[in-house]
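Numbered from 1 within each chain, the chains take letters A, B, ... in sequence-line order. In what follows, every heavy atom counts, from backbone to side chain, and hydrogens, waters and symmetry copies are set aside. Please read all numbers here as calculations on a predicted model, not as lab measurements.
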Protein chains: 2
Amino acid sequence: MTVPPGRRERKKAATRQKIADAALRLFLERGYDAVGIRDVAAEADVAVTTLFSHFASKEALVFEQDQDFEQRLTQAVTGRAPHEPLLPTLRREIHALVRHCTADGAAPVWHMIDASPALREYEESMRLRHAESLATAIAADPGRSQTTTACRTIARFVIDAYALAREAADPEAAVDEIFRMIEAAWETASPSPLM
Amino acid sequence: MTVPPGRRERKKAATRQKIADAALRLFLERGYDAVGIRDVAAEADVAVTTLFSHFASKEALVFEQDQDFEQRLTQAVTGRAPHEPLLPTLRREIHALVRHCTADGAAPVWHMIDASPALREYEESMRLRHAESLATAIAADPGRSQTTTACRTIARFVIDAYALAREAADPEAAVDEIFRMIEAAWETASPSPLM
DNA sequence: TTTTTAAACCCTAACCGTTAGTGTTACGGT
DNA sequence: ACCGTAACACTAACGGTTAGGGTTTAAAAA
């Protein structure tokens with residue numbers, strides 16, 4: 001698998017990267033709102049239509065690689081050792097993700113995101129999609145008997161944990177605090193106790 | 001209070017209503033995406049700029065009166081009888097809101113919303129704002145000692161309950177199921193037990 | 001009352017993200 | 001060597017949104 005990619009795919013990847021780099025550079029230099037799509041295309045030396053064949057929207061230029069987010073969460077669920085409990089696994093993963101985006105190098109980018117309502121909104125709707133994927137992964141987990149609603153609820157709560165922790169004064173501690181609440185909610189949704 | 005409003009304010013309110021009515025009529029007739037802002041303005045017989053002085057965006061035309069949502073939730077918290085527990089109050093309110101928007105008359109509008117990604121996204125970002133207001137209201141509740149993070153978390157969970165219940169097969173039952181989970185989370189966040 | 005202020009409204013023209021239509025180039029399979 | 005097609009370019013437009021600048025009229029000040 002992963003045969004040596006041909007010249008074609010390498011060129012395509014290079015173009016995509018060139019666009020993403022140009023976009024990030026301009027956005028950080030002049031501010032997201034002050035940079036137009038036409039500016040980015042010119043800086044990357046591509047046509048506007050080409051830009052949009054690589055990125056679905058202006059906002060997507062900023063969240064270039066955040067399909068990882070979705071995959072990491074669902075894989076944490078589906079790919080964990082058998083009998084390993086669900087929520088500690090998710091907590092560890094959220095910890096890692098929060099740490100990743102509160103790292104020093106990422107600060108300017110997140111500052112830019114927080115400053116733009118359009119970007120905040122986009123990020124939120126991204127997270128909604130992530131929550132749906134996560135809910136599906138949780139519902140498919142073997143040896144589990146919660147309702148569909150409970151699974152979707154927990155998935156939302158986990159995504160909320162990420163969003164809230166990012167904004168908290170002490171993100172790491174916030175993850176733990178919120179996950180204590182989620183654990184309690186999850187146990188309540190279990191069909192066994194007192195039945 | 002509420003002195004007789006002058007002619008000016010009455011005219012303004014009438015214009016706003018005329019725009020909202022025209023918009024809803026056209027949207028339901030032809031579909032949200034097939035109707036342009038210029039169409040709505042023409043139907044309401046106002047200038048496009050006037051339309052935008054009453055509504056911040058095209059999507060806001062659809063969610064015309066949903067500031068109620070925010071106020072109902074925060075007032076349910078701040079205006080409840082002393083010593084009345086928080087979560088049952090919120091559960092009752094969410095029940096009412098879910099019932100309201102799953103009522104028969106509201107079906108066409110919600111069908112339209114579900115059919116448009118732009119509207120779904122807008123609604124979600126609206127709910128984020130609602131969650132923030134609710135979190136503030138909860139945090140300001142007297143005789144309570146949860147952390148800020150816990151309050152924001154619970155507020156999010158409550159808003160999630162609304163969103164998830166709306167989409168569930170049996171919305172009323174879903175509200176109860178999710179609130180059982182939220183209660184457990186809330187108790188875990190209380191600083192008293194086992195200390 | 002008269003005068004003044006400013007809110008509500010109108011119109012035109014544009015800005016900006018995004019897309020359709022239509023070619024052109026050049027890689028990759030045959 | 002040849003053909004199909006993926007990647008890219010160019011132009012022009014569409015649709016939401018805003019800026020600029022003007023007119024009317026309710027309401028507050030004189």
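B:V40 comes within contact range of no nucleotide atom at all, as no heavy-atom separation falls under 4.0 Å. As judged by a 4.0 angstrom heavy-atom cut-off over every strand, B:D39 is placed among residues making no nucleic acid contact.
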Return all side-chain donor-acceptor pairs below 3.5 angstrom for residues 154-176 of chain A, not counting sequence neighbours, or 'none' if the list is empty.
{"residue": "A:R156", "atom": "NH1", "partner": "B:D160", "partner atom": "OD1", "Å": "3.3"}
{"residue": "A:D160", "atom": "OD1", "partner": "B:R156", "partner atom": "NH1", "Å": "3.3"}
{"residue": "A:E167", "atom": "OE1", "partner": "B:R152", "partner atom": "NH1", "Å": "3.3"}
{"residue": "A:E167", "atom": "OE1", "partner": "B:R152", "partner atom": "NH2", "Å": "2.7"}
{"residue": "A:E167", "atom": "OE2", "partner": "A:R120", "partner atom": "NH2", "Å": "3.1"}
{"residue": "A:D170", "atom": "OD1", "partner": "A:E172", "partner atom": "N", "Å": "3.3"}
{"residue": "A:D170", "atom": "OD1", "partner": "A:A173", "partner atom": "N", "Å": "3.3"}
{"residue": "A:E172", "atom": "OE1", "partner": "A:H95", "partner atom": "ND1", "Å": "3.0"}
{"residue": "A:E172", "atom": "OE2", "partner": "A:R99", "partner atom": "NE", "Å": "3.0"}
{"residue": "A:D176", "atom": "OD1", "partner": "A:R91", "partner atom": "NH1", "Å": "3.4"}
{"residue": "A:D176", "atom": "OD1", "partner": "A:H95", "partner atom": "NE2", "Å": "2.8"}

Show which side-chain atoms of residues 79-90 of chain A pair as donor or acceptor with protein atoms under 3.5 Å away, not counting sequence neighbours.
{"residue": "A:R80", "atom": "NE", "partner": "A:E84", "partner atom": "O", "Å": "2.7"}
{"residue": "A:R80", "atom": "NH1", "partner": "A:V77", "partner atom": "O", "Å": "2.8"}
{"residue": "A:R80", "atom": "NH1", "partner": "A:D141", "partner atom": "OD1", "Å": "3.1"}
{"residue": "A:R80", "atom": "NH2", "partner": "A:E84", "partner atom": "O", "Å": "3.2"}
{"residue": "A:R80", "atom": "NH2", "partner": "A:D141", "partner atom": "OD2", "Å": "3.0"}
{"residue": "A:E84", "atom": "OE1", "partner": "A:A81", "partner atom": "N", "Å": "3.3"}
{"residue": "A:E84", "atom": "OE2", "partner": "A:R92", "partner atom": "NH2", "Å": "3.2"}
{"residue": "A:T89", "atom": "OG1", "partner": "A:P85", "partner atom": "O", "Å": "2.9"}

May I have the list of side-chain donor-acceptor pairs in residues 33-47 of chain B shorter than 3.5 Å, sequence neighbours left out?
{"residue": "B:D39", "atom": "OD2", "partner": "B:G36", "partner atom": "N", "Å": "2.9"}
{"residue": "B:E43", "atom": "OE2", "partner": "B:R25", "partner atom": "NH1", "Å": "2.4"}

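Shown here is A:E29, whose CD atom has more than 12 heavy atoms of other residues, nucleotides or ligands within 6.0 Å.
Distance alone, capped at 3.5 Å, is enough to place a donor-acceptor pair between the A:T74 side chain and the A:Q71 backbone. Side-chain atoms of A:R144 come within 3.5 Å of backbone N or O of A:I138 as a donor-acceptor pair. Of the possible polar contacts, none joining the B:S116 side chain to the B:I113 backbone as a donor-acceptor pair under 3.5 Å is found.
Remark: C1' of C:dT18 and CG of A:L61 are 13 Å apart, rounded to the nearest angstrom. At whole-Å resolution of the value, NE2 in A:H54 and P in D:dC8 are 4 Å apart. Atom CD in B:E9 sits about 17 Å away from atom P in C:dA6, given to the nearest Å. Put simply, CD1 on A:I37 is 20 Å from P on D:dG15, counting in whole angstrom units. Look at CZ on B:F52: it is 13 Å from C1' on C:dC15, rounded to the nearest Å. Spacing between atom CZ of A:F55 and atom P of C:dG17 amounts to 15 Å, rounded to whole angstrom units. In this structure, the CG atom of A:L51 is 16 Å from the P atom of C:dC16, given to the nearest Å. Protein atom NZ of A:K58 is 8 Å distant from nucleotide atom C1' of C:dG17, rounded to whole Å.
Taking the side chain as every heavy atom from C-beta outward, B:E64 and B:Q17 approach each other to under 4.5 Å. A heavy-atom distance below 4.5 Å is not found between the side chains of B:E124 and A:E121.
In this structure, B:E132 does not pair ionically with B:R129, as no charged nitrogen and carboxylate oxygen lie closer than 4.0 Å.
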Check nucleotides 10-12 of chain D against the protein and report each pair of N or O atoms closer than 3.5 Å, with its distance, or say if there are none.
{"residue": "D:dC10", "atom": "N4", "partner": "A:T49", "partner atom": "OG1", "Å": "2.9"}

Using a cut-off of under 3.5 Å, enumerate the N/O to N/O pairs linking the protein to nucleotides 2-4 of chain C.
none

Under-3.5 Å N/O pairs linking protein and nucleotides 21-25 of chain D:
none

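Ring geometry for B:F69 versus B:H130: interplanar angle under 30°, hence parallel rather than tilted (30 to 60°).
A cation-pi arrangement is not found for A:K58 relative to A:Y122, the charged atom failing to lie both closer than 6.0 Å to the ring centre and inside a 45° cone about the ring normal.
Phosphate proximity of D:dC8 to A:T15: present, with a side-chain N or O under 4.0 Å from OP1 or OP2. One finds a side-chain N or O of B:T50 lying less than 4.0 angstrom from the OP1 or OP2 phosphate oxygen of C:dC10.
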